[in-house]
Structures are given as structure tokens and as C-alpha cells.
Amino acid sequence: MNIRSRLQTRIKHLWDQKIFRYTVILHSFYFFLSILLFFLFYKEKNDFLIFYRVGDIFLNDIENLYNQTYYLWDFRYFPLSALFFIPFSILSFELAFIIFNIFNVALNILISVMLYKVIMLVRAKNHENDDKRVITYLCVYLMGLPHVLNYVYGQINSYITLFILVSLYIFIKYKEIKWQLIGSIILGISIIIKPTAFFLIPFLIILKFDREKKKFYPDFFTSTIRLIGVILPVLLNFILFFMYPSLWQGFLETNFTGSNPIALNFSFSISKLIINFCYFFNIPFNQLYILIGVICIIGGIGFIIFIMRRIDEFSIIFGFAFGIIIMLLVYYDSWDHHLLNLIPILIIILFNLPRDSVITRSIKSSLIFFSFFNLAFVGIWYLIYPLFPFNFVSTFFLLVSFYALYKYLVKSDVRKSKEA
């Protein structure tokens with residue numbers, strides 16, 4: 001059977017499942033709704049407008065890349081990310097938006113394929129042997145409401161999710177050093193485009209502490225290769241920072257020390273909840289100190305849990321989960337569409353965990369909330385923020401996932417095997 005015949009057979013098999021048919025219809029609705037809303041309401045009020053202008057500014061006036069008077073909202077990514085948007089900036093804005101979202105649809109198909117492949121690699125033995133339940137959870141990802149804002153705003157989270165899953169697949173599938181380097185370079189490229197995966201970097205380190213023997217077990221060589229691979233693409237930005245010092249100053253002000261992190265908004269990160277609290281009650285604060293403090297506490301606890309883990313097999317999955325959850329908890333701005341980076345990792349974990357357990361149910365509850373209910377609390381925040389400016393429910397479910405990972409990695413007695 002040739003590739004075309006296998007593909008046709010596979011599509012027919014998927015189409016025979018009712019949930020898949022509903023998913024195709026619903027996800028198509030998300031796409032066409034985004035185009036309609038763009039032309040009716042959001043033509044001058046979406047994130048893609050920023051990306052569209054960045055490509056042109058990078059080519060023609062790079063020193064003003066972080067001059068926020070050019071943008072509706074702040075451009076806060078690494079300067080090399082602008083290279084990604086240059087092809088769109090040469091088109092008309094309307095055509096560029098449509099093509100960009102067509103790419104987003106295609107990317108979600110590729111994400112589903114990669115998600116399937118990773119699940120097949122890590123699925124625990126006590127799960128079903130067929131792939132019906134796997135398809136159901138792929139549909140949960142594609143039906144997730146965070147796709148709505150991702151399409152409407154013209155956001156780039158699907159690109160980052162694909163890079164993260166490809167990197168994770170490589171780390172699990174291939175043990176050779178060259179593949180460990182390639183996997184980490186792919187992750188580094190994702191950080192250039194959008195630094196969502198930045199806090200994954202510490203979890204690339206292969207280090208475990210045996211509590212019984214009171215001994216650390218590091219793999220210095222592989223860890224070094226991984227770190228070199230992920231940091232090297234990011235360091236390329238410093239060539240531009242060196243050539244144009246104003247870029248470095250603008251990058252720091254936009255992301256850490258300027259006025260944007262102070263603004264009242266519906267972000268569900270712990271840092272933003274603290275800032276909103278101080279802002280609301282007129283308490284003096286320094287946003288950078290708050291950020292550093294939350295990073296040290298949440299990031300430190302997460303890394304300690306990771307190195308204290310009782311399991312070795314596929315531990316990289318849990319490292320990725322910690323890295324993304326920490327980013328969502330600590331950085332100032334964590335939005336509904338950012339959850340598209342976390343949801344696939346939670347789905348993978350569900351298939352790696354025991355089929356039915358308290359920990360599995362905790363992860364599943366967070367997954368369902370992030371996929372279908374988080375967006376509602378954004379709307380609630382807009383209704384009540386003059387009296388109560390705290391979007392904390394999503395924060396709670398992030399902490400539930402964080403604690404569930406701790407319970408599984410540290411408290412559960414599971415078999416030991418080779419490091420992923």
C-alpha cells in the first residue's frame with residue numbers, strides 16, 4: 001500500500017469517529033470566525049498587526065524595533081524573531097493575516113500528528129492498545145477554546161507548540177548525542193520566535209538526586225550538549241544587541257523594567273496577581289523585584305522537585321511540563337492562548353501516567369478547564385475588574401497541575417529505567 005492509499009485509509013478511519021467529525025466542523029468554525037471578526041472588529045486591534053509591522057521595521061529601521069509608538073501593544077520578543085515575519089510584511093495586511101492563519105490551521109494538523117507520535121512512544125502499558133482514546137484527546141486539543149483567541153489575534157503559539165513537540169519527540173526517540181543537539185537547537189529556535197519555552201532550559205539538564213544513597217547522578221556531557229544547543233540560537237540575538245545597543249535597552253525596558261508590566265490586566269500569572277493587588281490597593285512596588293522573587297520561589301521548587309524525582313523513564317516530559325507551567329506562573333503576562341503550549345504536554349502526561357489514579361484525575365481536571373472554561377473567566381474579569389481585578393482561577397489549576405507532578409515524581413514509587 002503506497003503513502004497515498006495509507007493516508008486515505010487513515011482519514012476514512014478518523015472520519016468514521018463522530019468526535020473527529022465534530023472537531024473538524026468546530027475547528028473550521030474557529031478559523032472562519034476569526035476571519036470574520038478580523039474584518040468586522042479586530043482589523044486594527046490584534047497582535048498580528050504588531051508582527052506585521054515588525055518585519056518591515058527590522059528591514060528598514062531596526063534601531064526602532066522596540067520603539068513602542070509604532071505598535072498598538074508592546075513588541076517584546078527577541079529581535080531575531082522579526083525575521084520570521086518579514087515574508088508577511090511584504091504582503092497586504094489583510095492577505096497576510098489570512099495566510100498567517102491558514103498556516104496556523106496547517107500547523108495544528110502537524111501538531112496533532114506529532115502529539116500522536118509522542119503519545120505512542122510514551123503510553124503506559126495499562127492504557128488501551130487501540131488509538132481511539134488517543135484520537136479523542138487529540139480532538140480535545142483541537143476543540144480547545146484557546147484556539148479562538150489564537151486565531152482572532154493572529155498569534156504565534158501554534159508555531160511554538162510544534163517546535164516544542166518536535167524537540168520532545170527527538171529527545172525521547174533518539175539517544176545519540178547529535179540528536180540531543182538537534183532537539184535542543186529546535187527548542188532554542190522556538191525561544192527566538194517567542195520565549196515561552198525559556199524556563200524549559202534548566203530541565204534539559206540530566207541530573208537526579210538519589211535520596212536513599214544521598215548522591216547526585218549527573219550526565220555532564222549530554223547536559224552540556226543540550227544547553228549549548230538551546231542557548232546558541234538565543235545568543236545570536238546578542239550580535240544585534242552589540243551592534244545596536246538601543247535594542248538591548250528597549251528589550252529590557254519592554255520586558256522587565258518599563259511601564260507595561262505595571263498595567264492592570266487579566267493575566268493569571270502569580271506575578272501579575274501580586275502587581276494587580278499592589279496596583280489596586282495603591283501599595284508601592286517594584287515589578288522586577290516581584291518577578292525575580294516569584295521566579296526564585298516557583299522555579300526553584302520546580303527544579304528541586306525534578307531532580308528529586310523517583311523516575312527516570314520519560315522524565316523529560318515532566319521537565320517540559322514544569323518549564324511551561326513555571327513560565328505561565330511567573331511571567332507578567334500569561335493569556336488564554338498561551339495555554340496551547342501546555343495543553344498538549346498535559347495530554348502526553350495523561351497517557352504516561354497510570355490509567356486511573358488520583359494524580360491522573362488532577363491533570364485531567366486541569367486539562368479540561370484550560371481547554372473549555374478558562375476563556376469564560378477572562379470575560380468575567382472584564383465584568384468585575386473595577387471591584388476585583390484578579391483572574392486567579394487559572395492560577396489555581398496551574399498550581400493543581402504543579403502539585404500533581406510533584407506527587408507523581410516525588411511521592412509515588414514507580415519503576416526505574418533509563419533517562420529519557
Side-chain angles (χ1 to χ4, degrees), residues 118 121-122 124 164-165 167-172 175 180 183-184 187-188 190-191 195-231 269-270 294-331 341-342 344-354 357 359-360 362-363 366 397-420:
V118 175
L121 285 178
V122 307
I164 289 173
L165 289 179
S167 175
L168 181 60
Y169 179 80
I170 290 173
F171 284 137
I172 295 172
K175 306 304 178 184
Q180 298 295 303
S184 56
L187 197 61
S190 83
I191 294 172
T196 306
F198 184 81
F199 285 103
L200 269 66
I201 294 176
F203 297 95
L204 297 179
I205 299 172
I206 302 175
L207 175 65
K208 181 184 173 184
F209 179 74
D210 190 315
R211 286 180 288 175
E212 282 74 26
K213 297 181 179 179
K214 308 295 182 185
K215 185 177 180 180
F216 284 97
Y217 289 92
D219 183 339
F220 290 113
F221 184 68
T222 305
S223 298
T224 301
I225 294 299
R226 285 180 174 183
L227 293 177
I228 290 173
V230 73
I231 292 174
S269 74
I270 293 176
V294 177
I295 288 174
C296 290
I297 295 171
I298 302 298
I301 292 173
F303 189 67
I304 290 171
I305 292 171
F306 186 68
I307 65 174
M308 296 286 287
R309 66 189 182 277
R310 291 181 179 272
I311 69 168
D312 287 332
E313 189 174 38
F314 306 130
S315 61
I316 190 70
I317 302 170
F318 301 95
F320 272 47
F322 269 126
I324 297 173
I325 290 173
I326 289 169
M327 173 60 84
L328 293 175
L329 285 173
V330 306
Y331 190 62
N341 303 138
L342 177 62
I345 304 300
L346 294 182
I347 292 173
I348 293 168
I349 289 174
L350 280 179
F351 283 93
N352 186 249
L353 292 174
S357 70
I359 297 171
T360 301
S362 296
I363 295 293
S366 296
F397 279 97
L398 285 171
L399 292 172
V400 167
S401 300
F402 192 92
Y403 182 71
L405 296 180
Y406 158 73
K407 290 277 289 184
Y408 181 68
L409 292 178
V410 177
K411 292 295 185 180
S412 298
D413 290 323
V414 295
R415 65 183 180 85
K416 298 180 181 181
S417 53
K418 191 175 180 182
E419 172 69 42

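Computed from heavy atoms alone, side chains included, the values below leave out hydrogens, waters and symmetry copies.
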If you take all heavy atoms of [X] and [Y], which pair is closest and at what distance?
X: Gly229; Y: Ser184; result: CA-OG, 3.2 Å
X: Val122; Y: Phe314; result: CG1-CD2, 3.8 Å
X: Phe306; Y: Ile205; result: CE2-O, 4.1 Å

Should [X] and [Y] count as side-chain neighbours, where that means a heavy-atom distance under 4.5 Å?
X: Ile297; Y: Val330; answer: no
X: Leu168; Y: Ile348; answer: yes
X: Ile363; Y: Val400; answer: no
X: Pro218; Y: Leu207; answer: yes
X: Phe351; Y: Val118; answer: no

Rounded to the nearest 0.5 Å, how far apart are [atom1] of [X] and [atom2] of [Y]?
X: Ser401; Y: Leu398; atom1: OG; atom2: CG; result: 6.5 Å
X: Asp210; Y: Arg310; atom1: CG; atom2: CZ; result: 9.0 Å
X: Leu328; Y: Ile298; atom1: CG; atom2: CD1; result: 12.0 Å
X: Ile316; Y: Ile170; atom1: CD1; atom2: CD1; result: 12.0 Å
X: Ile228; Y: Ser223; atom1: CD1; atom2: OG; result: 11.0 Å
X: Asn352; Y: Ile347; atom1: CG; atom2: CD1; result: 14.0 Å

Query - Phe322-Phe402 aromatic ring centre distance below 6.0 Å - result: yes
**Report entry** Aromatic contact, Phe318 with Tyr408 (centres under 6.0 Å)
**Finding:**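 Yes, ring centres under 6.0 Å apart.
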Query raised in the report: Any chance CZ of Phe221 has more than 12 other-residue heavy atoms, nucleotides or ligands included, within less than 6.0 Å?
Result: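 Check fails, neighbour count at 12 or below.
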Query - Over 12 non-hydrogen atoms of neighbours within 6.0 angstrom of OH in Tyr169 - result: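 Atom OH in Tyr169 is packed in, count exceeds 12.
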Between [X] (side chain only) and [Y] (backbone N and O only), is there a donor and an acceptor less than 3.5 Å apart?
X: Ser269; Y: Tyr331; value: yes
X: Arg309; Y: Leu409; value: no
X: Thr360; Y: Pro354; value: yes
X: Ser366; Y: Phe397; value: yes
X: Lys215; Y: Glu212; value: no
X: Ser362; Y: Ala404; value: no
X: Ser315; Y: Ile311; value: no

Report task. Test Phe320 against every option in Asn341, Leu187, Ile325, Leu165 by the side chain to side chain contact (heavy atoms under 4.5 Å, CB included) rule and name the one that passes. Result ->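 By the side chain to side chain contact (heavy atoms under 4.5 Å, CB included) criterion, Phe320 pairs with just one of Asn341, Leu187, Ile325, Leu165: Leu187.
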Report task. Start with the C-alpha distance between Ile326 and Leu329, add both sets of side-chain angles, then the distance that settles side-chain contact (heavy atoms from CB on, under 4.5 Å), and finish with yes or no. Result -> CA-CA 5 Å; Ile326 289 169; Leu329 285 173; 5.8 Å; no
Report task. Please confirm whether Arg226 makes a cation-pi placement over Phe203, using NZ or CZ under 6.0 Å from the six-membered ring centre and within 45° of the ring normal. Result -> no
Query raised in the report: Between Met308 and Lys208, does a side-chain contact (heavy atoms from CB on, under 4.5 Å) hold up when you go through it step by step?
Result: CA-CA 6 Å; Met308 296 286 287; Lys208 181 184 173 184; over 6 Å; no
Requested in this report: Walk me through it: do Ile359 and Leu405 pass the test side-chain contact (heavy atoms from CB on, under 4.5 Å)?
Outcome: CA-CA 8 Å; Ile359 297 171; Leu405 296 180; over 6 Å; no
Requested in this report: Would you check, one step at a time, whether the test side-chain contact (heavy atoms from CB on, under 4.5 Å) holds for Leu204 with Phe171?
Outcome: CA-CA 10 Å; Leu204 297 179; Phe171 284 137; 3.8 Å; yes
